[in-house]
Number of protein chains: 2
Amino acid sequence: MTTGTLVPVFAALGDETRWSILAALGEGDASASALAGRLPVTRQAIAKHLAVLQEVGLVEPIRVGREVQYRVIGSQLSDTARRLEAIGAEWDRRLATIKEIAEGL
Amino acid sequence: MTTGTLVPVFAALGDETRWSILAALGEGDASASALAGRLPVTRQAIAKHLAVLQEVGLVEPIRVGREVQYRVIGSQLSDTARRLEAIGAEWDRRLATIKEIAEGL
DNA sequence: ATGATCTGCAACTATGGGGTTGCACAAATC
DNA sequence: GATTTGTGCAACCCCATAGTTGCAGATCAT
């Protein structure tokens with residue numbers, strides 16, 4: 001059913017600050033320090049969030065000289081969406097079946 | 001962008017126990033007590049999880065006599081998946097644009 | 001009416017996680 | 001070489017939350 005590594009991704013997406021980071025990264029790669037300039041949180045806090053996002057494969061680090069820029073991996077987001085879609089469809093199907101049985105068809 | 005109520009849904013989906021509950025409910029409506037019989041957690045814990053799931057519209061309470069059964073709302077899951085899909089596509093599009101610019105096309 | 005069962009609310013514990021400050025270190029800049 | 005700027009690590013605070021126990025109130029069965 002591949003629900004294995006899916007839950008941590010949702011957990012990662014269940015935080016407003018991380019969405020802010022993803023939104024900021026959506027306008028171009030950026031380092032933790034650069035992000036700290038735009039968001040109302042410390043660089044260290046952002047670094048932790050980036051670690052979480054990297055852990056679940058939503059973001060990718062890229063060394064540029066002495067700084068580390070991060071890039072959003074859009075495909076991972078799409079994958080997650082498709083897997084969620086599949087589960088939703090499966091549920092709809094199953095619930096329809098249950099409803100039929102309940103109505104005695 | 002409708003990212004408004006989306007984050008809490010992901011937060012709700014970012015917990016293994018809640019997925020267990022959803023999986024159990026996928027095999028038919030059940031009450032908190034019934035669920036407590038199958039899962040290795042207390043009824044009260046399950047009740048809290050059900051409250052969270054209801055809060056974000058993933059589940060729906062149905063009074064049956066003295067007990068309260070819960071039903072999965074598959075459409076909410078599908079909606080969430082579609083919205084995530086849309087965001088993912090948007091990102092892919094934007095990142096592709098950025099890449100083009102970066103490569104000087 | 002009594003007992004069994006299911007729900008609801010409340011208090012309490014404890015672990016995790018978001019956030020901070022502080023410092024040490026690496027790498028550009030001057 | 002000295003200074004700046006960016007990263008990494010560690011300790012710490014604080015609050016949200018997953019989980020528990022305990023009890024009171026409904027509701028169904030006998």
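First the proteins, then the strands, lettered A, B, ... as listed; each starts at 1.
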* Measuring from A:Leu39:CG to A:His49:NE2, what's the distance to the nearest 0.5 Å? -> 9.5 Å
* Asked: Looking at CG of A:Leu50 and CD of A:Gln54, how far apart are the two atoms once the value is rounded to the nearest 0.5 Å?
  -> 8.5 Å
* Structure fact -> Of A:Glu67 and B:Arg63, the one whose closest nucleotide on DNA chain C sits nearer the 5' end is B:Arg63
* **Of A:Pro40 and B:Val68, the one whose closest DNA chain C nucleotide lies more 5'** => B:Val68
Give the rounded distance in Å between these two atoms: [atom1] of [X] and [atom2] of [N].
| X | N | atom1 | atom2 | result |
| --- | --- | --- | --- | --- |
| B:Gln54 | C:dT7 | CD | C1' | 14 Å |
| A:Asp15 | C:dG18 | CG | P | 5 Å |
| A:Glu16 | C:dG18 | CD | P | 12 Å |
| A:Leu53 | C:dG18 | CG | C1' | 13 Å |
| A:Leu39 | C:dG18 | CG | P | 15 Å |
| B:Arg66 | C:dG8 | CZ | P | 13 Å |

Check the phosphate of [N] against [X], side-chain N and O only, distance under 4.0 Å to OP1 or OP2. Yes or no?
| X | N | value |
| --- | --- | --- |
| A:Thr42 | C:dT20 | yes |
| B:Ser31 | C:dT7 | yes |
| A:His49 | C:dG17 | no |
| B:Ser33 | C:dT5 | no |

Indicate, yes or no, whether a donor-acceptor pair under 3.5 Å links the base of [N] to the side chain of [X].
| X | N | answer |
| --- | --- | --- |
| B:Arg43 | C:dG8 | yes |
| A:Lys48 | C:dG17 | no |
| A:Gln44 | C:dG22 | yes |

* Please identify each residue that fulfils side chain to side chain donor-acceptor pair (under 3.5 Å) with A:Arg71, with sequence neighbours left out. => A:Asp29
* To do: Determine whether B:Arg83 and B:Thr5 make a side-chain contact, defined as any pair of heavy atoms from C-beta on separated by less than 4.5 Å.
  => yes
* Could you check if a side-chain atom of B:Leu6 sits within less than 4.5 angstrom of a side-chain atom of B:Ile87, using non-hydrogen atoms only? => yes
* Might you confirm whether atom CD of B:Glu60 has over 12 heavy atoms from other residues, nucleotides or ligands at distances under 6.0 Å? => yes
* Hey, are A:Arg93 and A:Glu90 close enough for a salt bridge, meaning a charged N less than 4.0 Å from a carboxylate O? -> yes
* On DNA chain D, which is the earliest and which the latest nucleotide, 5' to 3', with an atom closer than 4.0 Å to a heavy atom of chain B? -> D:dA18 to D:dC28
